[in-house]
Every structure is written in C-alpha cells, then in structure tokens.
Amino acid sequence: MGETLSIEKIFGSKVFTPEKMKERLPKEVYDEIIRVNNEGGELSVESADVIANAMKDWAIENGATHYTHWFQPLTGITAEKHDSFLAHPNPDGTTILKFSAKELIKGEPDASSFPSGGLRSTFEARGYTVWDTTSPAFIKESGAGAILCIPTAFCSYTGEALDKKTPLLRSLEAINAQALRIVRLFGNTEAKKVQVSVGAEQEYFLIDRDQYLQREDLIFTGRTLFGAPAPKGQEMDDHYFGVIRERVGEFMKELNVELWKLGVTAKTQHNEVAPAQHELAPIYEEANTATDHNQIVMETMKRVALKHNMTCLLHEKPFAGVNGSGKHNNWSLVTDNGVNLLDPGDTPNENIQFLLVIACIIKAVDEHADLLRQSASVVGNDLRLGAQEAPPAIMSIFLGEQLDDVVRQLIETGVASHSIEGGTLQTGVSTLIDIEIDGTDRNRTSPFAFTGNKFEFRSVGSSDSIGSPNTILNAIVAESFCDAADRLEKAPNFDDEVHDIIKEYLEKHKRILFSGDGYSDEWIREAERRGLPNLKTMVDAVDTLTTDKAVHLFEKFGIFTRSELESREEILYDSYSKTINIEALTMIDMVSRKYIPAIIKYSKQLADTINSIESAGADAPVQIALLKDVQDGLGRINIMLENLRNVEKRASMIKNPKQRAFYYKDHVVTAMSELRRPVDELEVICDSDIWPVPTYGEMLFEV
Ligand code: ADP
Ligand code: MG
C-alpha cells in the first residue's frame with residue numbers, strides 16, 4: 001500500500017485561499033479584499049502591494065520561481081507567459097526577488113497573436129491582462145517548475161473584451177442585479193447578492209500514448225479522421241459505471257490529488273458509455289471560479305495522463321461510431337443567505353417565487369434558443385449534437401413530470417391546485433408546496449433539463465470553455481428577470497400581477513417545453529412546426545450573435561458591445577475554417593504518405609503471391625478477387641484525394657470569413673467524409689500487419 005491520502009491536508013494547498021490571506025495579511029488589507037470581492041469596488045494600490053508581497057512570499061515558500069497572468073483568450077484554452085520573481089541584481093551580485101502591485105494587477109502581453117476579430121490590428125498590439133480578485137491565485141506545477149498563476153481578464157487597449165472571462169464577469173453582475181430585484185419583491189431584504197452556482201461534469205477519453213503518437217490525426221486534430229469500427233463497440237453497455245481499469249484508476253487517483261491541491265472539488269469519477277471514456281464531476285461552486293476550475297481540470301487531465309503514458313482526448317468526437325464527449329453544465333441561482341431560487345420552497349411565498357423564476361427561465365430560453373445553441377458551438381460539437389447520442393441542436397426544456405403537470409394546470413385554469421405526487425397544494429392561487437422532484441425522473445435526450453434544484457445544460461462540448469454558455473444563460477435570464485421586475489415593481493396589486501406574469505409567460509412560451517425523445521425524427525418535425533430554431537452546425541449559429549434582439553440584450557446589460565459581438569463572429573468563422581483546414585490537410589497527408597503506400601505494398605504482396613501460385617501451376621481465384629477489390633479501393637481513394645485537394649485549395653482562397661466558413665462546411669467537410677469511406681473499407685480487408693496506424697480496436701480496448 002502507498003502512503004495514506006489526507007484530502008483535508010491536500011485540499012487547496014496550492015491555492016492562495018482567503019484563509020492564507022487572513023494569516024498573512026494585516027487585518028485591514030484582508031478585510032478590504034474580502035469586501036471588494038463580495039460587494040464590488042476597487043482595491044487600493046497600497047493594499048494590492050501588500051497582497052502582492054504576501055502572495056510572492058507564499059509562492060516562493062511553495063517552490064515557485066515565476067508568476068504568470070493566467071487568462072482565457074478566444075482560442076478556448078488558457079494562455080500564460082512566465083516571468084521570474086528576479087529583479088535587477090544588487091551591485092554586489094546578490095539577487096532580490098520582487099513582485100509588486102503593478103505586476104499583480106496589470107500585465108501587457110503582446111496581444112497581436114491572439115484572436116481579436118478585427119478589434120485590434122497587429123500594429124496596435126497592446127492588450128491588458130487585469131487581475132480578477134474574485135478567483136484565487138494558485139501554483140501550477142509542471143515541467144516548467146512551480147508557477148504562481150494569477151487569474152486575469154484580457155482586454156484590448158480600448159477596453160474591449162478579448163477573452164471569455166470578461167463577458168462572464170459582466171453577465172454575473174447583470175444577473176445579480178436583476179435577481180436581487182426579484183427576491184426583494186418577495187420580501188427578502190437580507191440578501192446582498194445572488195450568485196450563480198455551476199458544476200461542470202467533464203467527459204474525456206484516455207488512450208495509450210504510444211498508439212496516439214502513431215496517428216497524425218490525433219496529434220494534429222484531436223480526433224480520428226479515419227478508422228473502421230472495431231468488432232465490439234458500446235453495444236454491450238458494459239463500460240458505463242463498469243469497474244475502472246487499474247491503469248486508469250491510477251490516473252484518476254493522481255488527477256484527484258492534483259486537482260484537490262488546486263482547490264478543485266473533484267468529487268465523482270466513473271466510466272462513461274463508450275469504451276475508454278470516463279467522467280469527472282466536481283462539486284458545484286460560484287460560476288467564475290467554476291469556469292476557471294474547469295480549465296484547470298482539462299489542463300490537469302492532459303498533464304497527468306502523460307505521466308501514465310496515456311493521452312487524454314477532450315475532443316467532442318474522437319472516434320466515429322461510439323459516443324462522443326460533452327460537458328453537462330449544471331446551473332442554479334443562490335442568494336448569499338442561502339436560498340436557491342431553483343428550489344421549490346416550503347411556504348406559498350417561496351413557491352410563487354419559484355414558479356416565477358421557472359417561468360422567466362422558460363421565457364428566456366424560448367426567446368433566445370438560438371443564442372443558447374450558439375453558446376455550445378465548437379467545431380467538434382457539430383459531430384455530436386443531433387447524432388443520437390447527445391442532445392439535438394434544437395433547444396428545448398425538460399421540466400419533469402411533476403412540474404409539467406403544475407405548468408399545465410396553471411396554463412389551463414390559472415391555478416395549480418394539486419401535485420402529481422398526490423399532495424394538495426396549499427392555497428388556491430398558483431402556489432404549490434413541497435414539490436419533491438423525483439430523482440429518477442430523467443430525460444437524457446433533453447438539452448436543457450430541470451433536475452430538482454438546478455438546470456442542466458447538456459449541449460456544451462467537452463473541449464469547450466464553459467465561459468460562453470454561462471455568459472449567455474446569465475444574460476438571457478437577467479433580461480427576463482428585468483422584464484418581470486419592471487412590471488412587478490409598478491403593479492398596483494402584486495399578487496395579481498405575479499399570477500398574470502407566470503400564466504402569460506407559460507402560455508406564450510410553452511412551445512419550448514418538450515418531454516419526449518429528443519433523438520427522434522418526429523421531434524425534428526414537431527420542433528419545426530412549433531417554430532423552434534434548428535441550427536445544425538456551428539457556422540449556422542454564428543450570426544445569432546448580432547441579430548437586433550441579441551445586440552439589444554447584450555448592450556442593455558453591458559455584456560458585449562456590438563463591435564465585440566462582430567469581432568467574435570469573425571473569430572468563430574475563422575476558427576471553424578482553420579480547424580477544418582487542418583483536418584483536411586491532415587487527411588491528405590495521411591492518405592498520401594501512409595495509407596496509399598501501405599495499400600500499394602499490400603497489392604504487391606498479393607500480386608507476387610498470385611504470380612508464384614500460378615507459375616507453380618495452380619489457380620489463385622481468392623487472391624485475384626482480393627487484389628481486384630484492393631485495386632478498386634485504391635482507385636476510389638485516389639479520386640477522392642484529388643477531390644479533397646481541389647476543394648481545400650478553393651476554400652483557402654476565399655477572402656470573406658463567413659463565405660469561407662460556409663464553403664468549408666458545405667464542400668470540404670463532405671469531401672473529407674467521401675475520402676474516409678474507401679480508406680475505412682480497405683482497412684477491414686487488408687492484412688493488419690501492413691496497416692500503418694493503430695485501429696479503433698487497439699486504441700479503445702487496449703488502454
Ligand atoms: P446528476 O446526477 O443530476 O447529474 P449530481 O448531483 O451528481 O447530479 O450533480 C452533477 C453536478 O451538478 C455536480 O457537479 C454537482 O455539484 C452539480 N450540482 C448539484 N447541485 C447543484 C446546484 N444547485 N447548482 C449547480 N450545480 C449543482
Ligand atoms: Mg448530470
């Protein structure tokens with residue numbers, strides 16, 4: 001047995017927590033930073049200097065040599081540039097280690113190499129990273145040593161957001177302000193803040209590193225671009241929650257320890273549906289920290305996998321034919337005095353508030369289904385959404401049987417007088433008491449499901465930041481809270497007005513509610529009849545960001561300016577084109593330099609065999625037939641390869657980002673699947689010894 005693990009000792013040991021600040025900071029400074037974090041406002045430079053120094057001392061005690069402003073540019077991953085604590089040496093050659101307020105608060109990375117979508121031309125390269133005091137600094141240990149990481153927001157010289165964090169923070173302020181109005185209207189005078197709680201369940205694949213290194217497609221694109229299905233897939237349902245293999249178990253153990261050190265509340269781990277697929281779920285926490293922590297989870301998974309000679313694949317669809325990976329984003333709203341607004345309460349008052357909140361969310365999702373879908377867009381997710389394994393690209397809400405029934409009663413009669421569980425609701429007027437949502441009542445096909453005291457947004461891709469999905473959710477719900485509060489604050493009779501609003505919202509937006517099978521074709525037709533958007537791909541969803549309704553929403557709550565939205569559109573189109581372009585070039589390379597030579601070699605082996613059998617006076621009909629099939633396949637591969645080369649060339653010449661992205665989607669993606677088909681067909685008839693890359697069977701079952 002190895003050493004015993006003490007979670008208590010490990011947890012947060014590499015985080016500059018409030019507890020450590022309390023120990024190390026003068027009381028006034030500690031009080032100031034806590035107050036700023038809870039109530040907003042700005043920290044004085046003097047205090048920042050004291051904090052910087054304490055942070056540096058703590059980091060150095062923990063072996064750190066460098067610090068970095070850790071930020072989340074629009075590439076979807078995190079960025080860092082390390083600076084050592086070394087200051088200009090003394091004349092006598094001794095060194096000083098320094099870290100000042102200036103270095104803590106603001107950084108100036110050369111921003112010209114990050115996507116900015118035209119917000120900043122390369123000659124105005126300046127961008128700023130600004131310390132986010134609400135997310136704690138931490139020490140990351142990697143090959144580069146121990147680095148003090150300071151979570152920061154990243155914006156341009158003129159203040160436009162160039163990252164995922166800035167709009168998220170803006171959206172959290174917006175929903176806080178609007179949700180506070182709602183709870184005040186219901187008599188909560190104590191709450192100072194409404195926070196968003198988020199728990200992101202992370203799915204991932206683990207494969208052997210040696211096999212990974214033999215496949216350019218995995219190396220360059222994170223997914224297999226070729227590969228015939230293995231004889232066994234996920235049909236036996238024997239992997240989900242199955243016994244965790246030894247090697248994977250060791251990985252999970254180390255992953256947990258590394259995450260706990262960084263203050264990530266890793267809680268649940270299990271095998272997922274597909275072979276070699278797994279999941280990790282943390283305990284939910286405040287949305288901004290949860291978003292940073294999810295980035296840490298993804299980074300740490302990759303790093304720890306390497307130590308076990310495995311590679312962690314976070315792509316949404318690394319293998320065709322078995323399930324892909326997503327990220328369930330669990331979302332709820334809670335006041336600082338502990339009331340979860342998505343929890344049906346014990347009193348009629350709380351119940352009415354709960355119903356109003358649900359009605360507002362239904363309205364928000366219906367009015368902005370397009371934006372919500374866009375927020376879960378990433379190139380890899382196109383292969384997953386709507387593929388009978390993940391929610392469809394059509395947004396809808398699943399409430400569960402009991403809440404559905406309450407909603408139905410409210411729409412039909414204006415009164416919910418009873419609940420399916422058999423209990424009688426307490427008063428006549430639209431109140432309900434003690435709803436206990438049955439934990440087993442689930443609908444895995446729904447993209448947005450109510451699960452007891454939270455909504456679970458399941459469309460998010462496994463590799464994606466949860467920054468955008470939460471920004472959009474916060475923004476759209478803030479808007480409908482605002483609309484409701486505007487009416488309620490003016491209403492002569494509060495009770496009547498709440499009742500009317502709930503009924504009106506439910507009636508008007510009930511088309512977004514759906515409890516049936518989201519994977520079925522009937523739902524696609526039904527959704528169309530209901531007028532719900534079905535934005536099938538990432539590029540189809542991009543311009544939802546700049547519709548009048550979207551710009552109005554984002555500008556009203558100060559979350560994005562129009563130019564920020566336009567720049568994001570350009571970046572999305574561009575990143576789509578670039579990603580598909582890399583995939584296409586990788587296919588061309590693999591076919592030309594790996595598959596075709598291997599197939600030619602195999603043809604020659606067959607031809608040699610046929611010649612020697614025939615010169616010995618016998619017939620070789622099986623070999624001849626096989627040779628013919630192989631030659632046919634090779635011919636088809638060659639045609640499809642030429643075709644892909646041509647469309648790829650044409651695509652890369654298109655100047656307009658939107659047109660280029662659509663061309664990639666409509667022509668290059670099609671040419672890619674046409675090239676894949678004959679290669680996969682040949683894989684199953686060729687000698688396995690000559691096949692140049694590891695197969696699905698080897699990668700998925702030999703971890
Ligand atoms: P399920 O089985 O419904 O997926 P779990 O209880 O295992 O639910 O939770 C899944 C994720 O949801 C976890 O990350 C968990 O911490 C998170 N979660 C639970 N309650 C809430 C809540 N009120 N708000 C946000 N996230 C939550
Ligand atoms: Mg879940």
Side-chain angles (χ1 to χ4, degrees), residues 7 11 168 171-172 175-176 179 183 191 193-204 240-241 252 255-256 259-260 262-273 277-298 300-301 323 325-345 350 353-354 357-358 361 390-391 397-403 435-460 462 464-467 469-474 477:
I7 299 186
F11 193 82
L168 176 65
S171 77
L172 289 166
I175 197 159
N176 172 42
V183 301
K193 197 169 176 176
V194 177
Q195 275 197 338
V196 177
S197 295
V198 167
E201 305 165 57
Q202 177 73 47
E203 294 180 337
Y204 61 98
Y240 190 59
F241 283 20
M252 287 179 172
L255 175 64
N256 286 330
L259 291 176
W260 290 334
L262 295 172
V264 178
T265 49
K267 168 87 176 163
T268 310
Q269 59 198 26
H270 59 81
N271 287 349
E272 257 302 326
V273 171
Q277 192 187 28
H278 311 278
E279 179 179 301
L280 178 141
I283 298 172
Y284 64 93
E285 55 190 339
E286 185 280 320
N288 179 36
T289 323
T291 304
D292 284 353
H293 280 173
N294 183 251
Q295 294 290 343
I296 293 180
V297 166
M298 293 192 285
T300 311
M301 282 177 165
N323 272 14
S325 302
K327 185 141 49 191
H328 291 176
N329 189 82
N330 294 273
W331 179 94
S332 68
L333 293 167
V334 47
T335 66
D336 58 350
N337 59 348
V339 181
N340 178 352
L341 305 190
L342 292 173
D343 218 343
E350 287 170 349
Q353 180 184 303
F354 167 74
V357 167
I358 294 286
I361 294 174
I397 299 180
F398 172 77
L399 289 179
E401 205 186 348
Q402 195 183 21
L403 205 46
I435 290 190
E436 272 163 29
I437 304 295
D438 183 351
T440 60
D441 185 9
R442 298 203 161 220
N443 179 338
R444 285 168 43 106
T445 67
S446 174
F448 198 75
F450 183 68
T451 45
N453 62 2
K454 61 184 176 354
F455 275 97
E456 186 168 336
F457 183 30
R458 301 182 176 134
S459 307
V460 185
S462 50
D464 207 0
S465 157
I466 55 170
N470 286 305
T471 302
I472 299 298
L473 262 174
N474 299 341
V477 176

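Both counts, for ligands and for their atoms, begin at 1 and track the order of listing. The basis for the numbers below is simple: all heavy atoms, side chains too, and nothing from hydrogens, waters or symmetry mates. Just so we're clear, the structure is a prediction, and the values are computed from it rather than from any experiment.
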Which of these, [options], has its nearest heavy atom closest to [atom]?
| atom | options | result |
| --- | --- | --- |
| atom 24 (N) of ligand 1 | G452, S332, A449 | S332 |
| atom 12 (O) of ligand 1 | D343, V196, N330, L280 | N330 |
| atom 8 (O) of ligand 1 | Q202, E279, K454, E456 | K454 |
| atom 15 (C) of ligand 1 | P282, A281, A290, A266 | P282 |

Which of the atoms in ligand 1, numbered in the order shown and given with their element, are less than 4.0 Å from a heavy-atom of [X]?
| X | result |
| --- | --- |
| N340 | 23 (N) |
| S197 | 24 (N), 25 (C) |
| I283 | 16 (O) |
| G199 | 14 (O), 26 (N) |

Side-chain donor or acceptor of K267 paired with backbone N/O of P282 under 3.5 Å:
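The answer is no, because no donor-acceptor pair under 3.5 Å joins these two groups.
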Donor-acceptor contact below 3.5 Å, side chain R458 vs main chain P391:
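A pair under 3.5 Å: no.
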For the NE2 atom of H270 and the NE2 atom of H278, what is their distance to the nearest 0.5 Å?
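H270 NE2 to H278 NE2: 11.0 Å, rounded to 0.5 Å.
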Which one of I296, T300, L280 satisfies the side chain to side chain contact (heavy atoms under 4.5 Å, CB included) criterion with V264?
I296
Which segment of E201 sits under 4.0 Å of ligand 1 when only heavy atoms are counted:
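Side chain only.
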Would you kindly say whether Q202 and N294 are connected by a side-chain donor-acceptor distance under 3.5 Å?
yes
Modelled atom types, side-chain donor and acceptor of E201 and N330, under 3.5 Å:
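There is such a pair between these side chains.
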Any N/O pair W331/ligand 1 closer than 3.5 Å:
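The answer is no, given that W331 and ligand 1 share no N or O pair closer than 3.5 Å.
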Would you please indicate yes or no on a ring centroid separation below 6.0 angstrom for F450 and F398?
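When the ring centroids of F398 and F450 are compared, they turn out to be at least 6.0 Å apart.
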